[in-house]
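Report on the following structure.
Residue numbers start from 1 in every chain, and the chains themselves are labelled A, B, ... in the order their sequence lines are given, proteins ahead of strands.
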Amino acid sequence: MRHESVPIYWRNIPHYYRLVARRCKKCGAVYFPPVVKCRCGSTELENVELPREGRLVEYTVLHQVGTDFLKQKPLIVGLVELSNGVRVAGQIVDAQPDKLAPGAKMEVVFRRVIADGKHGLVMYGYKFRPVGGI
Amino acid sequence: MKDVFLAGAALYQAGRHYGKNIDDIAAEVLDRALSDAKADIDALFVASSTTELANKQQILGAYVLEALGLDKIPVYRVENGDGSGGAAVALAYHALRSEEHNCVAVVGVDKPNDVLSNQQQDIYAATLDTYFERYFGITPLSYAALMAKMYLKKYEYRYEDLAQWAVLMHSHGAGNPYAYFRRQIKLEDAVNSEVVSEPLRLYDIGPLADGAAAAVLCNSRKEGPRILSVATSTNTAAFNLRPDYDTLYSLNEAARRAFEKAKITPRDVATAEVHDSFSIFGVLAVESLGLVRRGGALAAMKDGDLPVNLSGGFKSRGNMLGATGVYQLVEVAWQLIGREFKRVDGSYGVVHSMGGVDKVSTVVVVGL
């Protein structure tokens, strides 16, 4: 079950490239992934881009991966709290795992996520890296 | 409303059944459960997580009945990921309570070994948000690792404390004739196993296995193990937006409702089968179920034998995905009456069946 659907990828590009989240116009709650209705009951939601800096909450180095990630393993998977308080999970790159620690300053980067061989589709999205590199 | 009794049951040996199709093992186990119950059924609920993805089959229930020549019986497929088993038991229970049906069978079945291990990772990762988690390479294992790391820090445990979970599971599972890995292990085996997603090692994972379990439930019986209550709840918070990472919220709420309906408390529980697809989930489950205080599961395990997962849990009995919840129901019922398992000292048992990383949980209270 590889991720080979072009329509699915295409329609999610705003979220994958620019971290487009949904904010409730009434109470200000921010949802990522986006939701259809705010927990306050309002359906008046607007698209907002999430900030591109934050701090590392926790991370792990993952050695068992799915078919699309065999060439990239191990993956560093982490939880990052962005500067507006919204947390996002994702891959961490450009980092040595043993030098990472909770609280480290992180930034969003635009990277290749899945590549379907040499001549097939390349799909992109956000990842995180330590500010200044480690 | 009428009470719901377990009239008969059967379990299939957990393992790698390369020589059998998925409908074969489901039909075999259903046939044995029907013989055990000496009853006819008027509906079949099939719990399965991955029949389309791993086994390329839909409407599985109809093919299971075809294999047995059972005609004109309604079939329903229930899919809640690895929590499918509990969800199917819940629907069967409601069908019997409403008296729409009098005797029904619940068959849980999955055969993950029909695909390669990396494809199993793909399929299991589909229990997460497929567009925002699976797409980026995140898997349930990596989330379990994050939760384990935070738990060990917050409650000041060492990894060795967590590794005791696998040791306990294997000591329980060694006596379960249907378990995948029926042997004792030492702490060194667990702590020296390969790192799969630090801090978690290979022995923190419940191995995926092929399996099938069948329970025949009737509302006309008057004796034997009885389902006292069933409750299912969902955690709608995305993983990244959860207020903390040491509560299984779907379980917490399902347990509250199930205990209330059964009019018992966690203190009355003599045996519990919880969803420990990863060791840390078992630890969090006994706490969110209310069996021990928050942060106290590993200390309780050190102090004595927790009456949890006497089957061996996912680590030793195996993780049969959507089938597991049905295994758990049968195990708890049999532990209460001393069939196939040593009889427990008490009258109440609970089952916790979970789909995804705390996405949906079903709790079943079983009593004598």
Rounded to the nearest 0.5 Å, how far does [atom2] of [Y] lie from [atom1] of [X]?
X: A/Phe69; Y: B/Arg134; atom1: CZ; atom2: CZ; answer: 8.5 Å
X: B/Ile138; Y: A/Leu62; atom1: CD1; atom2: CG; answer: 9.5 Å
X: A/Gln64; Y: B/Glu194; atom1: CD; atom2: CD; answer: 7.0 Å

Looking at B/Phe132 versus A/Phe32, is the centre-to-centre ring distance below 6.0 Å?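 Ring centres of A/Phe32 and B/Phe132 closer than 6.0 Å.
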Please answer whether the main-chain N or O of [Y] pairs with a side-chain N or O of [X] as donor and acceptor at a distance below 3.5 Å.
X: A/Tyr16; Y: B/Tyr131; result: yes
X: A/Glu58; Y: B/Met150; result: no
X: B/Asp122; Y: A/Thr67; result: yes

Can you check side-chain hydrogen bond (donor to acceptor under 3.5 Å, both in side chains) on B/Ser197 and A/Thr60, steps first, answer last? CA-CA 6 Å; B/Ser197 191; A/Thr60 182; 2.9 Å; yes
Do any of [range] have a heavy atom less than 4.5 Å from a heavy atom of chain B, and if so, which, in residue order?
range: residues 39-50 of chain A; value: A/Arg39
range: residues 83-90 of chain A; value: A/Val86, A/Arg87, A/Val88, A/Ala89, A/Gly90
range: residues 73-81 of chain A; value: A/Leu75, A/Val77, A/Leu79

Does any non-hydrogen side-chain atom of A/Val61 lie less than 4.5 Å from one of B/Ser142?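 Heavy-atom side-chain distance check fails, nothing below 4.5 Å.
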Answer yes or no: is there a side-chain heavy-atom contact under 4.5 Å between B/Tyr135 and A/His15?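 Heavy-atom side-chain distance check fails, nothing below 4.5 Å.
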Closest-packed option against chain A by number of heavy-atom pairs under 4.5 Å, given B/Val196, B/Leu146, B/Val115, B/Leu241: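 Among B/Val196, B/Leu146, B/Val115, B/Leu241, the one with the most close pairs to chain A is B/Val196.
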Contacting moiety of [X], where chain A heavy atoms sit under 4.5 Å:
X: B/Thr236; result: both
X: B/Ile205; result: side chain
X: B/Ala238; result: side chain
X: B/Leu202; result: side chain

Take atom CZ of B/Arg294 as the centre, draw a 6.0 Å sphere, and report whether it contains more than 12 heavy atoms from other residues, nucleotides or ligands.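 Count over threshold, so yes.
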Which atom pair, heavy atoms only, marks the closest approach of A/Pro102 to B/Lys153?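 That would be CG-NZ, 3.6 Å.
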Steps toward side chain to side chain contact (heavy atoms under 4.5 Å, CB included) verdict (B/Thr139, A/Val65): CA-CA 7 Å; B/Thr139 63; A/Val65 298; 5.9 Å; no
Considering only heavy atoms, give the residues of residues 242-253 of chain B separated from chain A by less than 4.5 Å, sorted numerically, with 'none' for an empty result.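 Checking residues 242-253 of chain B against chain A gives B/Arg242, B/Tyr245.
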